[in-house]
Student: 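Okay, here's the structure, questions in a sec.
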Amino acid sequence: MQRNFQKRQPKLEGRGLLEAVSTDGPHNEWLGMPDYYIHTLTVAGDDYKYLSADKLLDVNIGDTVVFRYQEIGKTDNKEKRIDKRSLGLYIDPSQYLQETP
């Protein structure tokens, strides 16, 4: 069976200033499952959920972040969920190799 990846929906991408972070957890769905935290990130006025085993994130309020996400749920009330291991800092290419004073 051959898969045709061209018909697959492309991942949605987000980028913007991280305005707020709230963390809920730890959660545990079933016996033996490691604890996880639900981080709600407000980026450029929109809320996104990020599930992580870490209580603290590697990004801080005021950072410009980039990520891939998907919309989950019904058409009238979709939750935006950030893909695992896709959250990171935005690096401006014009500033990349410049030294900081």
Student: Under the side chain to side chain donor-acceptor pair (under 3.5 Å) test, which residues partner K11, sequence neighbours left out?
Tutor: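 So K11 forms a side chain to side chain donor-acceptor pair (under 3.5 Å) with D83.
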Student: Same cluster for F67 and L17 if Ile/Leu/Val/Met/Phe/Trp/Tyr side chains link at under 4.5 Å?
Tutor: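 Shared cluster, no.
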Student: Do V66 and V21 land in one hydrophobic cluster if side-chain heavy atoms of ILVMFWY residues count as linked below 4.5 Å?
Tutor: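 Not linked; separate clusters.
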Student: Not counting sequence neighbours, which residues clear side chain to side chain contact (heavy atoms under 4.5 Å, CB included) with L89? List them please.
Tutor: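 Checked L89 against side chain to side chain contact (heavy atoms under 4.5 Å, CB included); matches are V59, D63.
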Student: Identify the heavy atoms of I82 and Y69 that sit nearest to each other, and give their distance.
Tutor: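 Closest approach of I82 to Y69: CA-CB, 3.9 Å.
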Student: Mind checking ring pair (Phe, Tyr, Trp, His ring centres under 6.0 Å) for Y90 and listing every partner two or more places apart, or none if nothing turns up?
Tutor: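 Y90 satisfies ring pair (Phe, Tyr, Trp, His ring centres under 6.0 Å) with no other residue.
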Student: Apply salt bridge (charged side-chain N to carboxylate O under 4.0 Å, His left out) to E71 and list each qualifying residue two or more places apart in sequence or on a separate chain.
Tutor: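 By the salt bridge (charged side-chain N to carboxylate O under 4.0 Å, His left out) rule, E71 matches K78.
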Student: List, one per line, each side-chain donor-acceptor pair under 3.5 Å for residues 39-51, sequence neighbours excluded.
Tutor:
unit_1, atom_1, unit_2, atom_2, d
H39, ND1, T23, OG1, 3.0
H39, NE2, D54, O, 3.0
T40, OG1, K49, NZ, 3.3
T42, OG1, D47, OD1, 2.8

Student: With sequence neighbours excluded, what pairs up with I72 under the side chain to side chain contact (heavy atoms under 4.5 Å, CB included) test?
Tutor: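 In terms of side chain to side chain contact (heavy atoms under 4.5 Å, CB included), with neighbours along the sequence ignored, I72 is linked to Q70, R81.
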